[in-house]
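Being a predicted model, the structure only gives us computed values, none of them experimental.
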Amino acid sequence: MAKADREGLSLGYRIMWRIKYAGLHVFGPAQLGTENDPQARLIRQREAKVAAARAEREARDAHG
């Protein structure tokens, strides 16, 4: 995984995210649409968290 994919994410968060993702892969629902898929939801939440951290860093760099 590239560093850009984990920007702003703590080690604990990344470990728990992997455990949840793997658990959903094994024990999750068989087939759901993209909107209802819990794995896709985890990915979207993680991407939003990374984007927020990136925006915060860029704002901090622009002002300082």
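Under the rule for a side-chain contact (heavy atoms from CB on, under 4.5 Å), the partners of Gln45 that lie at least two apart in sequence or sit in another chain are Arg41, Leu42. A search for salt bridge (Lys or Arg N to Asp or Glu O under 4.0 Å) contacts involving Arg57 returns Glu7, Asp61, not counting sequence neighbours. Partners of Glu47 by salt bridge (Lys or Arg N to Asp or Glu O under 4.0 Å), not counting sequence neighbours: none found.
Arg18 contributes atom CZ, which lies 10.0 Å from atom CZ of Arg14 (distance to the nearest 0.5 angstrom).
Look at Arg54 and Glu58 and you find no salt bridge, because none of the NZ, NE, NH1 or NH2 atoms lies under 4.0 Å from a carboxylate O.
Taking each heavy atom of Gly8 and Ala53 in turn, the nearest pair found is CA-CB, 3.6 Å. Looking at every heavy atom in both residues, Arg46 comes nearest to Tyr13 through CA-OH, 3.9 Å.
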Exercise for review: Assess whether side-chain contact (heavy atoms from CB on, under 4.5 Å) is satisfied between Leu9 and Trp17, documenting all intermediate values.
Suggested key: CA-CA 10 Å; Leu9 304 177; Trp17 188 89; over 6 Å; no
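Using a 4.5 Å cut-off between side-chain heavy atoms of Ile, Leu, Val, Met, Phe, Trp and Tyr, Leu11 falls into a hydrophobic cluster with Ile15, Met16, Ile19.
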